[in-house]
Amino acid sequence: MYKVKLEQRERVSNKQELFITLYAIGVALALSGIFIALNGVNPFVAFWKVLLSSFGSTYGISETLLKAVPLMFTGLSVAIALNSKIWNIGAEGQLYFGAIVATAFVLHGPVLPTPIMLTILLVLGAVGGAFWASIPAFLKIKFKMNEVISTLLLNYVAMNIADYFLFGSWKGPDNFPYTVEFPIQARLPKIGFGRLHLGIVIALLLVVVIYVIINYTKTGYKLRLTGSSLKAAKYAGIDIKKMMFAVFLFSGALAGLAGVIQVTGIEYKLHQHISSGYGYTGIIVAWLARSNPFVIVIFALFLSVLLKGADSLQIAMHLPAAVGTVTQALILFAILGSELFKNYKIKFLWGNK
Amino acid sequence: MNDLITILFTAIASGTIILYATIGEIITERSGILNLGVEGMMLMGAFFGYFVAYHTGNLFFAIAAAGAMGGLMGLIHAFITITMRANQVVSGLALTMFGQGVSAFFGIGLVGKTLKNSFEPIAIPLLHKIPVLGEVLFNHNILVYIAFILPLVVWFIFVKTKWGLAIRAAGEEPLSSEIMGIHVVKVRYIATIVGGILIGISGAYLSVAYSKLWVEGMTAGKGWITIALVIFANWNPLIAYTGAYLFGALEQLGLTLQKFNIAFPIILLKSIPYLFTILFLLFISLKGKRSNLPKALGISYFRESRE
């Protein structure tokens, strides 16, 4: 007979934490290997293919970076909310709404010189995302409505609105549900590495800006205080409602930017699949990165490898693309499980003690 | 008149999907565990039920298998949040993703496959002859009838039995209930698994009995609507009837408006269930007190922290 006893321990060192996280990811990948094997594919061959497709060529590397860009935006979006203990599960809908608003300007507004045009589109996308996030923000602050449910339900509504335009007045000339191609002025310039575009520069700039705001400004201090303890924030005289509203708007704006970046950066049109669940994957990125902006870049890259890998496995080995979703879920489970090892020492006691 | 009867009949049939899941989630939440994985669990139930129905041709076996699958997912959630003490929100999200992924991964071979048999409607003698009411209520399949009784049974268990008391105590005051001799961990495990079984059944009802086909992601947010309806029902199984059937009726609203040629974009009508769910929640919030909200909902319970 043995008994398991848990002993609370001090916060683990960063090095230990990294080790535990990597170990958990390893376990998750091993489990996803089982799923791959169940489909009659050798998991080692599959993983090798994933690595090869992501890092095996300069083209692969550029594509991996490309897919990481929207994930950086949605990761930042979820993280900034999570910092204030707000769950923004609606980045997906905010992404679409931002893209819809920007697309409306491209289709119905004037064609302006590239720098002005792109600035307007980025601002409009951010405003669109912020607007879509303001609904659950208002409902939470004014009516105490749980934001997990409201943000999520609004994702479906945002995508219905996109469908409404795509199957209606924005339908392309060949009757498929996508808009006409954007004019050259409404396309983000490439930066000379594959299809990689200016979006990655904007994303990295935002990472630095957000890091500085959170850690070195008065606003950031208020943010952190609100996130760590509502009581303390109240005592410090912070207007919590205003703070929460601002956080929601900023979070939505970042997700909205992801939408604009997608339509102006690679798609050059609006269609139903401008996001492959980037809003949801952003939750994983933010959670894994513990809301640290720089670490978000790393995990956005990691999840980009995974998503891209799933795509290439679908093409090369006829595995259902859902293998990417399964692996993401397994990683979340494993990381959740690993929390225990970070917070507790586990002792096996022999005998009946 | 016939239109109205059809609408109400379908409202009951489609409300049943949500009713099973809502009752399941109420049981789980009453014990103090917040399960946000309903969407994924429903999808797993829908897929696995359809899979078993397709390969065995035995519909009841299919429903049982889906229930078992839902229970297994409940067990995963219980293990992660109770034993591993992890965040209930994130575990729920992981469960949703897992269900979406796995059901799509293995369900790909079932797309476009039709079942050889289906749940036949059973007309209840005498009752089904009542004008309107009889046609709306008493000519359904067996699963709809079970759903008529289920909330009553669960309500009875909650209010009148020792088990019900244990579940509610675990969700309200885990520390004092432990002192009173209730094994909080065990109770929460059971409530999460039983809730999962009902959520799994709701998924199988959707694929095997209601729409009679399997489509990837076919729950389309019904799991999230369920979570909202639990709040709407104030964690009371009896109010769950109203919420679920009202929602079933709302789903029909789109089709109805179409029939009467009301000038409203059809695609936007698809948003009605989601928007109304938010309105439901708003209504609840305006009404004030949520008296039955389990006090310890979503909060991890550490047994040894009292030692």
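First the proteins, then the strands, lettered A, B, ... as listed; each starts at 1. Please read all numbers here as calculations on a predicted model, not as lab measurements.
- Within a 6.0 Å radius of OH in Tyr164(A), no more than 12 heavy atoms belonging to other residues, nucleotides or ligands are found.
- The residue among Ile283(A), Leu139(A), Val148(A), Asn39(A) with the most heavy atom pairs within less than 4.5 Å of chain B is Asn39(A).
- For chain A, no part of Phe79(B) is nearby; none of its heavy atoms comes within less than 4.5 Å.
- Between Trp287(A) and Leu93(B) there is no side-chain heavy-atom pair separated by less than 4.5 Å.
- In this structure, chain A has a heavy atom under 4.5 Å from the side chain of Leu286(B), while its backbone stays farther away.
- For Leu282(B), the parts lying near chain A are the backbone and the side chain together; criterion is any non-hydrogen pair under 4.5 Å.
- By number of non-hydrogen pairs under 4.5 angstrom with chain B, the leading residue of Leu152(A), Asn146(A), Leu332(A) is Leu152(A).
- The distance from atom CD1 of Ile149(A) to atom CD1 of Ile278(B), rounded to the nearest 0.5 Å, is 10.0 Å.
- Between Leu154(A) and Tyr274(B) there is no side-chain heavy-atom pair separated by less than 4.5 Å.
- Between atom OH of residue Tyr280(A) and atom CD of residue Gln100(B) there is a gap of 7.5 Å, rounded to the nearest 0.5 Å.
- Residues of residues 155-163 of chain A that come closer than 4.5 Å to chain B, counting heavy atoms only, are Tyr156(A), Val157(A), Asn160(A), Ile161(A), Asp163(A), ordered by residue number.
- Contact record, Leu281(B) with Met145(A): CB-CE, 3.6 Å, taken as the closest heavy-atom pair.
- Proximity to chain B is absent for every atom of Ile135(A), based on heavy atoms less than 4.5 angstrom apart.
- Between Ile284(B) and Phe143(A) there is no side-chain heavy-atom pair separated by less than 4.5 Å.
- Heavy-atom minimum distance, Ala322(A) versus Gly101(B): CB-O, 3.3 Å.
- No donor-acceptor pair closer than 3.5 Å links the side chain of Thr325(A) to the backbone N or O of Met97(B).
- By number of non-hydrogen pairs under 4.5 angstrom with chain B, the leading residue of Pro320(A), Gly168(A), Ala321(A), Gly324(A) is Pro320(A).
- Heavy-atom distances place both the backbone and the side chain of Leu336(A) under 4.5 Å from chain B.
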Please lay out, stage by stage, how Val90(B) and Trp87(A) fare under the test side chain to side chain contact (heavy atoms under 4.5 Å, CB included). CA-CA 10 Å; Val90(B) 185; Trp87(A) 288 96; 3.3 Å; yes

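- The neighbour count for Phe276(B) CZ, taken as heavy atoms of other residues, nucleotides or ligands under 6.0 Å away, does not exceed 12.
- In this structure, chain B has a heavy atom under 4.5 Å from the side chain of Ile284(A), while its backbone stays farther away.
- Using a 4.5 Å cut-off between heavy atoms, Ile80(B) contacts chain A through its side chain alone, with no backbone atom that close.
- Each of Thr277(B), Ile227(B), Val89(B) has some count of heavy-atom pairs under 4.5 Å with chain A, and the biggest count is that of Val89(B).
- Leu38(A) touches chain B through its side chain: at least one heavy atom from C-beta onward sits under 4.5 Å away, while N, CA, C and O do not.
- We find the CZ-CD distance between Arg85(B) and Glu339(A) to be 13.0 Å, quoted to the nearest 0.5 Å.
- The candidate with the highest count of non-hydrogen atom pairs below 4.5 Å against chain A, out of Gly92(B), Pro273(B), Gly99(B), Ser91(B), is Ser91(B).
- Neither the backbone nor the side chain of Glu216(B) comes within less than 4.5 Å of any heavy atom in chain A.
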